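Scroll down for the structure; my scribbles are underneath it.
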Amino acid sequence: MSIIVQKYGGTSVADTMHIQNVARRIIATKQAGHQVVVVVSAISGTTDDLVKMAYELNPCPAEREMDMLLATGEQISIALLSMAIAGQGHDAISFTGAQVGIETDRSHTKARIVNVKAARLEEALTQGKIAIEAGFQGVTDSSDITTLGRGGSDTTATAIAAKLGAELCEIYTDVAGVYAADPRVVAGVRQLKRVSYDEMLEMAATGAKVLQLRAVEYARNHGVRIAVKSSFDDSEGTLIGEVEETMEKAIVSAVTHDADESKITIFGVPDHPGIAATVFRELADEHINVDMIIQNVSEDGITDISFTVPGEDLVRGRAVVDGLVGTLEARGSACDERIAKVSLVGAGMKSHPGIAAKMFEILAEEKINIDMISTSSIKISCVISEDEVERAVRALYNGFGLGQEFQAKE
Ligand code: ASP
Ligand code: MG
């Protein structure tokens with residue numbers, strides 16, 4: 001019998017009516033002849049509410065206590081869902097991360113899974129039960145509860161699917177799948193049918209919120225096929241997996257954006273070996289995630305270095321840089337929160353020149369100034385002003401014909 005792992009996000013279990021609906025879907029999957037393991041998120045809003053309460057009581061709550069607190073959200077959902085399934089006449093049993101043996105490292109609030117045991121899940125399946133597992137949480141080798149970072153239930157589901165050798169990992173959410181652009185920005189946006197792991201990785205890393213980046217990494221490393229679907233209808237959703245080499249690849253599959261980026265600049269640093277090493281080593285040691293980096297051409301042995309960080313790392317990043325200005329004999333530093341990143345992602349870009357040129361032309365036509373640029377073999381990102389990002393997304397979506405399944409080759 002094949003195993004299906006289904007993950008339901010917070011909006012899919014928003015209240016008892018939604019939980020009943022999810023219970024019906026799970027039962028239908030079992031009745032179709034599958035063994036079902038379900039991973040659930042906290043009821044939508046719960047994790048945010050808990051975070052808010054914590055900060056009301058303490059501006060700097062201990063991360064261990066934060067994990068103890070946040071893990072409770074998922075525990076509510078698994079118990080309620082199990083009761084709902086039993087109420088509809090089927091056997092279900094719920095488990096916490098610790099009970100199932102989702103073992104993580106000790107980096108509280110952003111722990112990484114190091115091992116999945118899953119013996120209790122296998123036992124429940126053998127007994128013919130539906131197994132329900134709390135997403136987002138794990139346990140350390142010293143029995144402390146950890147969480148996997150916001151959106152971490154996606155990673156729980158992927159890790160369990162890998163461990164159990166599931167046929168498919170279905171991620172149920174409140175949208176119908178993965179889109180060629182953010183549906184809140186582009187009206188009538190096209191949904192993608194298939195996305196390769198590499199494309200999905202770039203998309204998740206450049207602002208697509210539909211899946212946690214780590215879940216995609218885990219899926220690629222372990223060959224887990226993921227389907228992103230809506231829990232509100234029966235549409236097919238988007239399949240994420242290996243795309244056969246023989247398939248014609250879209251040149252550009254999607255345009256993504258991320259308004260939650262900030263830029264930090266160090267002015268007037270002496271241009272000699274070791275400066276960049278010093279700056280980025282200190283940032284790395286503080287676990288600050290640096291994205292794009294630009295160093296200007298130096299004039300009279302003096303240069304500027306700019307880089308971008310996620311919004312949540314700005315304050316700490318700025319502190320590191322301010323601390324370095326004196327040591328490096330730099331002229332000063334500045335930061336700009338009003339920037340955003342817009343990116344094009346597509347597996348076919350590799351073999352197709354001219355995409356960057358066309359992207360810059362489209363932005364130029366919109367009179368949008370490009371501040372920084374970075375590329376990978378299947379992605380081009382531009383940093384622009386935050387106020388212009390939605391206009392940029394729409395212009396690129398239209399300019400590259402992303403509304404059509406196959407774009408005209410030029
Ligand atoms: N409840 C957690 C969050 O809101 C984890 C998840 O939903 O995946 O981030
Ligand atoms: Mg999510």
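Just so you know, ligand 1 is whichever comes first in the structure, and atom 1 is the first atom listed for that ligand. Predicted, not measured: the structure shown is a model, and the values here were computed from it.
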So is [X] polar-close to ligand 1, meaning N/O to N/O under 3.5 Å?
| X | result |
| --- | --- |
| Ser153 | yes |
| Glu74 | yes |
| Gly151 | yes |

Walk me through it: do Phe400 and Val255 pass the test side-chain contact (heavy atoms from CB on, under 4.5 Å)? CA-CA 9 Å; Phe400 279 93; Val255 49; over 6 Å; no
Minimum heavy-atom distance between Asp313 and Arg316, given as atom pair plus value: OD1-NH2, 2.8 Å
Listed once per pair and sorted, the side chain to side chain donor-acceptor pair (under 3.5 Å) pairs that draw on residues 156-167, sequence neighbours left out: Ser2-Glu167
Enumerated ligand 1 atoms positioned under 4.0 Å from heavy atoms of Arg150: 3 (C), 4 (O), 9 (O)
Of all the atoms in ligand 1, which lie at a distance below 4.0 Å from a heavy atom belonging to Ser41? 6 (C), 7 (O), 8 (O)
Tell me whether ligand 1 is touched by Gly10 - counting only heavy atoms on the residue side and a distance under 4.0 Å. no
Assess the residue pair Asp67 and Arg106 against the criterion (salt bridge (charged side-chain N to carboxylate O under 4.0 Å, His left out)); give the C-alpha distance rounded to whole Å, side-chain angles, the decisive distance to 0.1 Å, and a yes or no. CA-CA 11 Å; Asp67 279 349; Arg106 295 185 184 187; over 6 Å; no
Residue that, paired with Asp198, satisfies salt bridge (Lys or Arg N to Asp or Glu O under 4.0 Å) out of Lys350, Arg220, Lys379: Arg220
Contacts satisfying ring-ring contact (aromatic ring centres under 6.0 Å, His included) that involve residues 125-171 (not counting sequence neighbours) are none
Side chain, backbone, both or neither: which applies to Gln212 and ligand 1 if a contact is any heavy-atom pair less than 4.0 Å apart? neither
